[in-house]
Amino acid sequence: MKAMLLDAPGAALRLADIAIPEPGPKQVRVKVAACGVCRTDLHVADGDLTDPKLPIVPGHEIVGRVDKTGPGVIRFAIGQRVGIPWLGHTCGSCRYCRDGRENLCDHPGFTGYQIDGGYAEYAVVDADYCFPLPEGLGDVEAAPLLCAGLIGYRTLRMAGPVKTLGIYGFGAAAHIVAQVARHQGMEAYAFTRPGDTAAQVFACELGCVWAGGSDERPPQPLDAALVFAPVGGLVPLALEAVRKGGVVVLGGIHMSEIPAMPYALLWEERVIRSVANLTRRDAEEFLALAPRVPVRTHTTALPLAKANEALDRLRRGELTGALVLVP
Ligand SMILES: [Zn+2]
Ligand SMILES: [Zn+2]
C-alpha cells in the first residue's frame, strides 16, 4: 500500500510502498477513506513531541471502512464506517485508567505517534479504540471530528457551563467548537492573529458574536477562554480577558514558552489548565452530539502524496477550517 512515512524528526515525509498490515487479536483493519491533518502531526514531524515510533505513519483523524477483523472482534462488521482518533491504546490497569481518566494513562499508545496512523491506504487499530461515525457528513467532512472535534469538545467541557466564551486561535478545532458553543447557548468571542480579517469573518459566519485580533480586548469580560493556538504569549492575554474566577483552558499538546507575568493576572481565583488527549467517553459523547448541533466542517481535501504540502500550509497558517488527505 501507499503510505507517507516519517523517518526522523525534521525530515519531510516520504511516499513509500509498504506491506498492507494484518490485524491481530481484537484489532481491525480499516481501508482509509480520509485522514485529517492536525497540528499535532506537525509537532510529531518537527520533533516537538519526542517519543515517536520511527518510522511512523502519521495521522489520527481517520475515517474508513472496516476491511478485515482480527480474532475476537465482535463490535464491527466488514464494511462498517468507523473513525479512529488520537487515543489508540491504554493499559487499563494504571491508577488513571482505573479512575476513568484514561486520557492520562501511564502507558498509552497514540495513533500516528506510536501506532501507525492514517496517512496511508490502510490502518490497523485496536477495535476498542475506534468508533462508529454518525451519518450526515461525508468521509472528508467527518475526518476533522476525530481530533479537532474531540479535543475541542473536551477543551470546551473543561471550561464548565459559561455564558461568554473566548476562543484564541481560529483553526480546525475552534471552527467546530464555535458551533457547539452556540448550540449550547454560549456567546463565543473569537481571537485571531491581528489583522487576519478572513479568519474573523469566518468566525462570525460560524456563529461567534464578536471577532477580533488577539491583541484586542473583548467588549465584555469573558467567563472562560479556550486557547487553541500553540502560542504561550496568548496565556496572559487570555487571563486578562477573563473575569474573576474565570478559567483559561489550553487545548494544544505543545505550546511555545509562556512568558513571565504579574501575579495580578491570575489573582482572584482565575485558573489556567491544560487538556491532555481524550477518553473514549469524550468520543462517544461528542460523536452523539455532533449531528444534533449539527456540526458542519469546512475542509480542503488534498491527495495523500501531498501530505508535506498540507503540513506546510498548516505551519504557515494559510487556511480556514481543516485540511484532509485522501488516499
Ligand atoms: Zn493506564
Ligand atoms: Zn490531533
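Quick note: numbers below take in every heavy atom, side chains included, and nothing from hydrogens, waters or symmetry partners.
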No-hydrogen, no-angle side-chain donor-acceptor test under 3.5 Å, Asp41 and His60: yes
side-chain hydrogen bond (donor to acceptor under 3.5 Å, both in side chains) contacts in which one or both residues fall within residues 242-253, not counting sequence neighbours: Asp223-Arg243
Sub-6.0 Å ring centroid separation between Trp210 and Phe191: yes
hydrophobic_cluster_shared for Leu137 and Val37, side chain cutoff 4.5 Å: yes
Residue pair Ile84 / Val30, side-chain heavy-atom distance below 4.5 Å: yes
Hydrophobic cluster membership, Val242 vs Leu237, 4.5 Å side-chain cutoff: yes
With sequence neighbours excluded, residues passing side chain to side chain contact (heavy atoms under 4.5 Å, CB included) with Asp51: Tyr113, Gln114
Leu54 CG: over 12 foreign heavy atoms closer than 6.0 Å: yes
Thr90 side chain to Tyr129 side chain, donor-acceptor N/O pair below 3.5 angstrom: yes
Within residues 227-246 or reaching into it, pairs that qualify as ring pair (Phe, Tyr, Trp, His ring centres under 6.0 Å) - sequence neighbours excluded: none
Worked verdict on Glu102 versus Arg280 for side chain to side chain contact (heavy atoms under 4.5 Å, CB included): CA-CA 8 Å; Glu102 64 182 359; Arg280 283 173 281 178; 2.8 Å; yes
Side chain to side chain contact (heavy atoms under 4.5 Å, CB included) against Arg154, all qualifying residues, sequence neighbours excluded: Asn103, Arg157, Met158, Val275, Thr279, Asp282
N/O donor to acceptor pairs below 3.5 angstrom from side-chain atoms of residues 2-13, sequence neighbours left out:
| from | atom 1 | to | atom 2 | distance (Å) |
| --- | --- | --- | --- | --- |
| Asp7 | OD1 | Arg14 | NH2 | 3.0 |
| Asp7 | OD2 | Arg14 | NE | 2.8 |

Thr297 versus Glu141, side-chain donor and acceptor atoms under 3.5 Å: no
Pi-cation contact, Tyr122 with Arg29 (under 6.0 Å, within 45°): yes
Expected list for residues 168-181: side-chain donor-acceptor pairs under 3.5 angstrom, two or more places apart:
| from | atom 1 | to | atom 2 | distance (Å) |
| --- | --- | --- | --- | --- |
| His175 | ND1 | Ala172 | O | 2.7 |
| His175 | NE2 | His298 | N | 2.9 |
| Gln179 | OE1 | Arg296 | N | 2.7 |
| Gln179 | NE2 | His175 | O | 2.8 |
| Gln179 | NE2 | Arg296 | O | 2.7 |

